[in-house]
Every structure is written in structure tokens, then in C-alpha cells.
Amino acid sequence: MKTIKIFDTTLRDGEQSPGCSMNLAEKIAVAKQLEALKVDVIEAGFAISSPGDFESVQAIANEVKTAAVASLNRAVKKDIDASYEALKGAVAPRIHIFLATSPLHMEYKLKMSEEQVLEKIKESISYACTLLPDVEFSAEDAFRSDRPFLAKAVKAAIDAGAKTVNIPDTVGYALPAEMGELISYLKQNVEGIDDIDISVHCHNDLGMAVGNSLASVAAGATQVECTVNGIGERAGNASLEEVVMAIHTRRNLFDADTNIDSKQIYRTSRLLSKTIGVSIPPNKAIVGANAFAHESGIHQHGVLAKRETYEIMTPESVGLTTNKMVLGKHSGRHAFEDFLKELGYNLGKDELDTAFAQFKDLCDKKKEVTEYDIEALVSDKTAKVTEHYKLKQFVVNSGNAFRATASILLEDMDGKEQAQVAFGDGPVDAAYQAIEKIVPVDTTLQSYKINAVSHGEDALGEVIVKVSAGDKTVTGRGLSTDIIESSILAYINGINKLLG
Ligand code: KIV
Ligand code: ZN
């Protein structure tokens, strides 16, 4: 069986799309989880694009020990030098260079002739190969390129030393049969292509990104570029979990599989969703809340009699456990730690102490503590946020006969306490107004979402807010059985990130 490489671009193509930005600590936490997922390549960013991107490529390169770490570049020396510098600490650094090859992009965007594009490919790839052995070339808008010219561009990249050539469907225009044909065409018309990795990078504008990636694999592509939960520009990129599970479930058909540890899929998906505050639709394949739920009587009966009647893969294979009531008031620290390990969390001593204390607290408030509750408690322990402000106390009054009022007491990093009172249009607004009077930053609430982590009247309420100050927007998260408290904690979490 062949091994299809998974090139994850969540932290580059995904992160650059609106509403998906992450701070440095969050990117590192996601990169570590991608490593646990065992992706082959993590595209950490576009080093030249901003000092922040440079810093995150560098930090991820230093942190990641097993996967290759890539940084994106235009076909220019100063970009390549920046990536080389940022990737110095990586165990397996990769320079990724892109240049458009379609007539539209060459004429209107690049204002370059075919000859100039070929020359630029040769020049930039050859230069990158003098710095590092692992160089990838992407022919941007490859699918809409003239095929014979695309073949020349791919050949130029291979001759100049590229070890991977990527064929993107940048605008998500292809249909699966066409994408497969394009890969077959290149395999037949480019000498030396079988000695390198052929990669594909499909966008989802027509909902075909996963189908196009799979058709390319069937035609001979050996690397797929994708993102967790399919995030990315416009309608997103091919979703990693769908590509991986489709290849795995139909591995006999593809005669191929990936290196991914599929048991880490659910956890990775949740971590990303919480980090960026973008929820996963319930019917999303593989990771949606309903992906393994059997509601109709006929289906339930079939699954109980024999799972395979309606299940083509098990929930356990993507990291979901099926025991609902897992731990309770009398569970000890060992049972808690073992359970976390089963869910894929290996916390350090301090994080475990905090999580265990929170778990015990929760047991006093909730009759049943499920895996979803525990997962919600620990899932963001990995990206630490400096607590510039901590909630000490709050009192909120609201009703339909008077304006809501909130009184909030916060403690700052020096242990100094500050209290404020405010009116608002409802309890959350009043609480947020009071917080705004205390903190030294002018914040705007961009969005507010609340959801129940598990079922029942005593479910934990998780609030996710987007808060901005100037041109910076962050995601804040709060968790409590009291939804006003979750709302306040989410806002303070966002403010702490802004202050950090
Ligand atoms: O969509 C695209 O073409 C890209 C390239 C930079 C690989 O993201
Ligand atoms: Zn892209």
C-alpha cells in the first residue's frame, strides 16, 4: 500500500481567512496537536508576510519535533531568505514557493509572459535548493492553466530541484473527473514526475474540494494539502478529516493510506473550533455532533443488531468514546487522569491539578459528568493565557420591569481589586459594560455565541466571544453551569488575550 502524505495548511491558508486568526500561543497549541495527529507537513505560515507570521513560523519550527515544517514564499529571494531564517530550528524544514501559471493570473496579476514565469520558477527554486534540500513548488491556479504550459512549469521546477510539485485548484473550479485527468496528464507528459511527490491543493467553492483531492489521489497524487474542519479562503480548503477518513475507509480501493493517527481527529477538530470560535455544523462529516448519531428507529435497530448495517467507520476510530456517564463525585485523581489519557490528553502536573479541581467543582454542580464536560474543561489548557484580570465576584439583576444592572469585582495581576457597576440592555450587556469600565483597553464585542456542552438542565454552558481592540480581534471562551458566569469569563478571557 502507498502512503499518501498529509500536508496541513490550517495555520497558513486556514488562518489567513476571515474570523480564523490565532495568536502565537494558540498557533503553537494547534501545531502540537497536528503533530500528535501525525500530519507529515505543517505549513506554519508565510514568514515574510508580517513580523507576527515570522515569529509563529519560527516558534512552531522550534517546537515541532517529528513533522516537517513549511513556510510559504512568493518566488522572490527576500521571501525565501525570511523563510530560511524562520525555519532554522526545524528538524525537517520545507521552503514552499508559489507562482501563478494560468493565463488570467499571468496577464492581469503578475504581468509576466510564459517565458518570464518559467525563468522565475527556475531561479527561485534553484536558489531555495542552495539553502535547504526540501523545496516545494506550487503552480498557483494550476487547474485553469494551459496544460502544455503547466507541464513545462512543473518540469522547470523539477529540473531546478523541487522535491514536491503542488497542483492547486486555487479557485475551486474543477470537478473530480477533470482534476483526476489533469494529474494523469501531468504524469504522462512530465519527465521525472514519478521521482517527486505530486501534491494537490483544492479549494471548496463548488463543494468539490474533498472529491477533487480524492480523484487526484486515485490518479497518482501522493500528497494532499488540507485544513482541519476545512477552514480556509472563501468556502475553505479540502477538509483534512474527510480526506483522511475517506482514504482510510476505502483504502483497498485506493491501495493507499495515510500516516494519520485517526484517534486524534475529533480532538484536533474541537481544539481548532474552540480556538477560533467557529462552530462545526452538526451534520459535518466525521466531526459533526450528528456524524455518528442514529436517530431513526430502523437505523437504531440495525446498529444494535450489527453496527456495520449503518456505520462505515466507528466513532472510536476518530477519537470519540461512546460511554456517556464516565466519572462522578467519588472518582479519584487516577481515574480522572486515565480517562483523560483515553481521550488523548496528556496533561502536565500543574494542568492536571487545575483540571482535577475544576472537575471536582463541577461534580458538586452537576449530577452527571460526561466525556463532553471533561473534554470542555481541559481542551484549551494547552494554550495558556496570562491572566491580567481574574473574576472575583459578580452580581447581576435583570427582569422585564427594569434595566439590567451588574456589579463586577475583578482582580489584576498585582492582586489589586477593582469593582464597577453598570446598567445594560440585559444581564450580559450590563456585565460587559461594568468590565469595560475597569479594564484599560477600548474593546468592542464582535460576536457572542452560547452552546450547551452536554445534555440536560444542568449542562455546562460554553460561551465564545470575538472581541476586538483597534485592528486586533481575538476569541474568548468561558465555561460554567451558570451562563452569565460563562459570558463574563469569556469576555475576560478575550480581554486577557488582547492585553497579552
Ligand atoms: O490556493 C492556492 O493556490 C494556494 C497556494 C499558495 C498553494 O494557497
Ligand atoms: Zn489555497
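Below, all heavy atoms of this structure are taken into account, side chains as well, without hydrogens, waters or symmetry copies. Worth saying up front: this structure is predicted, and the values here are computed from it rather than measured. Just follow the structure's listing: the first ligand is 1, and inside any ligand the first atom is 1.
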E233 near ligand 1, heavy-atom distance under 4.0 Å? no
Backbone or side chain, does any N or O of H201 fall under 3.5 Å from an N or O of ligand 1? yes
Given C226, P168, S216, the one that forms side chain to side chain contact (heavy atoms under 4.5 Å, CB included) with V200: S216
Are H201 and F7 close enough that their ring centers fall under 6.0 Å? no
Counting only nitrogen or oxygen atoms and a 3.5 angstrom limit, does H203 reach ligand 1? yes
So which heavy atom in the protein is nearest atom 5 (C) of ligand 1, and how far is it from that ligand atom? R12 NH2, 4.0 Å
The Zn ion (ligand 2): angle it makes with NE2 (H201) and NE2 (H203), nearest 10 degrees: 100°
For E311 and E308, indicate whether the former's side chain and the latter's backbone hold a donor-acceptor pair under 3.5 Å. no
Atom name in D13, limited to N/O/S, at shortest distance from the Zn ion (ligand 2): OD2
Evaluate D40 against K5 for salt bridge (Lys or Arg N to Asp or Glu O under 4.0 Å), listing each step before the verdict. CA-CA 6 Å; D40 299 279; K5 290 183 182 157; over 6 Å; no
N or O contact, E225 vs ligand 1, cut-off under 3.5 Å: no
Protein residue, atom and distance nearest to atom 7 (C) of ligand 1, heavy-atom basis: S138 OG, 3.6 Å
Contact check: D13 vs ligand 1, nitrogen or oxygen atoms, below 3.5 angstrom: yes
